[in-house]
Every structure is written in C-alpha cells, then in structure tokens.
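Values reported hereafter were calculated over all heavy atoms of this structure, with side chains retained and with hydrogens, waters and symmetry mates removed.
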Amino acid sequence: MQLVEADYAPHLIVGIRTGGLVVADAMSQSRPKPLPVLPLTCQRASTGAKTRLKLVRNALAHLPQPVADALRRLEHRWITSRRTRQDRPQTIDQAEATTLAAWLHAAPKPCRVLVADDAVDSGVTLATVLQALRHIGPTEMELRTAAITQTLEHPKVVPDYLLYRGTLCRFPWSLDAAR
C-alpha cells in the first residue's frame, strides 16, 4: 500500500477473488483509515476444475515444492499458449459486478479504483477484470492495478504496482499450498 500511496489515492480497492481479495483487505487495513474493499470473482475454467476435484487438490498440496512450482509454470505456459490461439473469456460474477457498478456510479468523480491481485501469471484474469470494470464503471473512472508478484515475463497486463517480478510465491490460499 505504501507503493500505491506514493502517487495514487484510491477511493476503492477491488480484490480479485480469492487471493486478490486477501491482498486488498490487507492493503486497506494497513491504512490509518481503511478504504472500502469490494470483491470481484473472475475464474478460468482450469481453476474451477481443480477446485472441484478434491483428490487433485490434495495431491497438489503434498507435492514437493519444486515439482508443484514446475507444474504451475507448465500450466500457465499452456494457458498462455492457448490464449494466443483463442482468447476464451473468463467468468465474472454478475452479482458482484452489479454491486460494484452501483458503488462506482455513486462514488466521487473522478473515481479512483485500485484492482488488487495476489499473482499475475498470464495476465488474462487481470485483463478480464479491467475490461469488466471499464464496462460497468463511469467514464471518468481511473483504474490502477497492484499485485504481489508477476510470475511470467510477458503477461497480457503488467500491474502498475508490484513487489516481485519473476518470482513464484506460495500463498496459503493457493490450491497447491501445503496443508
């Protein structure tokens, strides 16, 4: 949050569920006067499949860290290569988008929004969220992005504020985190 506040004063933090919402809440709570935080769920198909399959989730959590890291990098390279062939839209939660739209249209103008995520890999999720916010928000809205890490070299969207580049972080909420 210190990086962000050095040159930007957001009115709202949008946390991309799941990891980004944790980051957004932490960023908000680090301030003397917390900012409002609203979630927006954006999910790629592979995440939904991994979440539904408990056996896969348990297996991922118990793999040695170098193996889990290699599998994650492989998955994201596969997703990125598929993106060049066909840009499949991700799913945005419409109820959350409606709540966000109402907040944005009632906010001070120009509304400054910070979109937070834990990790930017291919950048497709962040790009999808930014596109959705531009679609539902007022024209005078200013969007900026923040993430803890950018794991791949050339994501579709590079965050405005970033703590790490080229670093794969193992977050407690990750599907492949040790339990």
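Rounding to the nearest 0.5 Å places OG1 of T41 at 11.0 Å from CD of Q94. A distance of 11.0 Å separates CE of M1 from CD of Q29, quoted to the nearest 0.5 Å.
Pairing each heavy atom of V158 with each of T145, the nearest pair is O-OG1, 4.1 Å. Smallest separation of non-hydrogen atoms from P110 and H11: O-CE1, 3.3 Å. Pairing each heavy atom of I13 with each of A116, the nearest pair is CG2-CB, 4.0 Å. Closest approach of L152 and D121 over heavy atoms only: CB-O, 3.6 Å. Between P39 and E96, the shortest heavy-atom contact is O-CB, 3.7 Å. Smallest separation of non-hydrogen atoms from P159 and V120: CG-CG2, 3.6 Å.
T167 places no side-chain N or O within donor-acceptor distance of the main-chain N or O of Y164, the cut-off being under 3.5 Å. Remark: side-chain polar atoms of K109 are paired, donor with acceptor, to backbone N or O of A107 under 3.5 angstrom. Not a single donor-acceptor pair under 3.5 Å links the side chain of S28 to the backbone N or O of A24.
Note on L12: it clusters hydrophobically with L143, by side-chain heavy-atom contacts below 4.5 Å among ILVMFWY residues. In the hydrophobic cluster analysis, where Ile, Leu, Val, Met, Phe, Trp and Tyr join through side-chain heavy atoms closer than 4.5 angstrom, Y161 is grouped apart from I16. Criterion: ILVMFWY side-chain heavy atoms under 4.5 Å apart, direct or through other members. Under it, L35 and W103 are not part of a common hydrophobic cluster.
Side chains of L114 and V4 form a contact here, defined as non-hydrogen atoms less than 4.5 Å apart. Taking the side chain as every heavy atom from C-beta outward, V113 and E142 never approach each other to under 4.5 Å. A 4.5 Å side-chain heavy-atom check between D118 and V22 finds every atom pair outside the cut-off. Between Q150 and L126 the shortest side-chain heavy-atom distance does not fall below 4.5 Å. At a threshold of 4.5 Å between non-hydrogen side-chain atoms, the residues L133 and V115 count as touching. Put simply, the side chain of L21 reaches to within 4.5 Å of the side chain of V37, judged on heavy atoms.
With 3.5 Å as the limit, one finds no donor-acceptor pair spanning the side chains of Y8 and R112.
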Requested in this report: Carefully, step by step, assess I92 and V129 under the rule side chain to side chain contact (heavy atoms under 4.5 Å, CB included).
Outcome: CA-CA 8 Å; I92 293 283; V129 167; 4.3 Å; yes
Requested in this report: Walk me through it: do I148 and F171 pass the test side chain to side chain contact (heavy atoms under 4.5 Å, CB included)?
Outcome: CA-CA 10 Å; I148 294 175; F171 300 109; 3.7 Å; yes
Query raised in the report: side chain to side chain contact (heavy atoms under 4.5 Å, CB included) between C42 and L40: does it pass, once the steps are laid out?
Result: CA-CA 6 Å; C42 179; L40 187 57; 5.6 Å; no
Requested in this report: Using the side chain to side chain contact (heavy atoms under 4.5 Å, CB included) rule, take L100 and I136 through it: C-alpha gap first, then chi angles, then the decisive distance, then the call.
Outcome: CA-CA 8 Å; L100 262 167; I136 64 172; 3.9 Å; yes
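Annotation for Q2: atom CD does not count as buried by contact number, only 12 or fewer foreign heavy atoms lying within 6.0 Å. Around atom CZ of R31, more than 12 heavy atoms belonging to other residues, nucleotides or ligands sit under 6.0 Å away.
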